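Atoms within a ligand are numbered from 1 in the order they appear, just like the ligands themselves. This is a predicted model, so every value here is computed, not measured.
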Amino acid sequence: MFDSRSCLLVTGGTGFLGGAVIADLVTRDIWPQVRMLVRAASKEEGAQRIRATLARFEVPAAALARVSAQQIVLGDFAAPDAIFADRALEAVTHVINSAALTTFATTPDLWPINVDGTFRFAERLVGLARVERFVHVGTAMCVGPDAVPPVAEDHVPTDPIRHLVPYTETKIEIERKLRRELPQLPLIQARPTIIVGHSSLGTRPSGSIFWVFRTAMLLERWTVAPEGRIDVVPVDWTAHALIELALKCSLKHSLYHLSAGPTLASTFAELDAAIARGRGTTPILSRYRQSSLEQLAAMSGEYQSRLGPCHPRIMQRAIRIYGSFAALGMTFRNDHLLDEGLPAPPPFAAYADLCAATSEGITIADQMMADFK
Ligand SMILES: NC(=O)c1ccc[n+]([C@@H]2O[C@H](COP(=O)([O-])OP(=O)(O)OC[C@H]3O[C@@H](n4cnc5c(N)ncnc54)[C@H](OP(=O)(O)O)[C@@H]3O)[C@@H](O)[C@H]2O)c1
């Protein structure tokens, strides 16, 4: 139970999802009981990084002023033992662990940070503090591309799991390692589906992944059928769900999909209509053709004329990765979340117009930088 003696540690607070978690928490009464693990040279610099992130979420100045350097715990999962020099960790009772390396690229840092460093952090923390709940943010796609949609929360993929990118492999491996090797950790696995935009700010906090939808509309070609459903949730709803999972007195399950699910996931045609509305244009549906990755790659000569200034080879690679995921038509059931009485997310089509409107004036190449840092 979260009471006046409790302390909630949030990791990844300078990121897209963790930033939305902090933006939600900063207006709550429990804010003085929140601590944030941040990569920075000093606590003051850490607080500045959090304030800069909150500014992207258009948090009012009075709330920004509530962020104090004393709430910052300095640390990096690349060197997890150093984090424990800070005695503030002894008081931690609840955790929302949103920090991770989220790149789809193959980099040698992925496993040391997402698996080894994250595990060591949890291991040291549970040995030091009276942790009552540890909400670990995973990803629904960790079950691999061979899972059959809609994927239920209790689906257990058969080994070896195929992965489209090494990132998803690290995400399932850390969950399994925490369950297997740290049975004393009060672990809650929260697995979001694709997170795009904010339900009232559109893409202003981050254009992450929205550039993919813009690309599909401007190419008038993508890997999904017009009636194919795309499971997307907004960042503010996802953050709220994570906080509920962290603070709720008791939970009925240990694994949750934070997803729209098969019925609320919008179709490509619905998104086309919404994005056209947001841009003040007409839907592309009559000209749209579902296409293979090869057909999309063969259009590279048209990328610059259709998508604006961009590097065709980089764009071709990005289209291949994100087009492969889209082609799977993955949806994830969210029965466990609904069973807790948490609200369902708004359909993407209900705020995709806002995402489109807030993306005007930003080139696709610039917007995609959020996913290629
Ligand atoms: N966005 C999505 O569509 C999506 C979907 C499913 C699941 N998720 C999961 O949601 C979580 C947050 O994702 P996001 O989209 O918010 O990612 P993000 O914007 O890239 O943020 C990642 C956060 O993790 C921190 N971090 C990275 N490496 C770290 C390290 N070595 N030590 C400590 N902190 C580190 C970053 O800190 P710096 O600012 O210092 O780099 C940043 O605060 C991740 O676990 C991800 O797997 C995201």
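Below 3.5 Å of separation, one finds an N or O of G12 facing an N or O of ligand 1. Some N or O of L17 is nearer than 3.5 Å to an N or O of ligand 1, by distance alone. For ligand 1, the polar-atom distance check finds an N/O of D76 within less than 3.5 Å of one of the ligand's N/O atoms. Residue P192 has no N or O atom closer than 3.5 Å to an N or O atom of ligand 1. Taking distance alone, with nitrogen or oxygen atoms compared against 3.5 Å, I209 stays at or beyond that limit from ligand 1.
Centroid-to-centroid, the aromatic rings of Y288 and W222 stay 6.0 Å apart or farther. Ring to ring, F372 and F104 are not that close: their centroids are 6.0 angstrom or more apart.
Within the listing of ligand 1, atoms 5 (C), 6 (C) sit less than 4.0 angstrom from a heavy atom of T193. Interface of G138 with ligand 1, defined as ligand atoms under 4.0 Å from a residue heavy atom, comprises 7 (C), 8 (N), 9 (C). Numbered from 1 in the order shown, with element, the atoms of ligand 1 that lie under 4.0 Å from a heavy atom of G15 read 16 (O), 19 (O), 21 (O), 42 (C), 43 (O). Near T139, meaning under 4.0 Å from any of its heavy atoms, are these atoms of ligand 1: 6 (C), 7 (C). Under a 4.0 Å criterion applied to the non-hydrogen atoms of K171, ligand 1 contributes the atoms 44 (C), 45 (O), 46 (C), 47 (O).
Between E173 and R176 there is no salt bridge, since no side-chain N of the basic residue sits under 4.0 Å from a carboxylate O of the acidic one. The pair R214-E360 fails the salt-bridge criterion, with no side-chain N (NZ, NE, NH1 or NH2) lying under 4.0 Å from an Asp/Glu carboxylate O.
Using a 4.0 Å cutoff on heavy atoms, M141 does not count as a contact of ligand 1. Not a single heavy atom of S208 sits closer than 4.0 Å to an atom of ligand 1.
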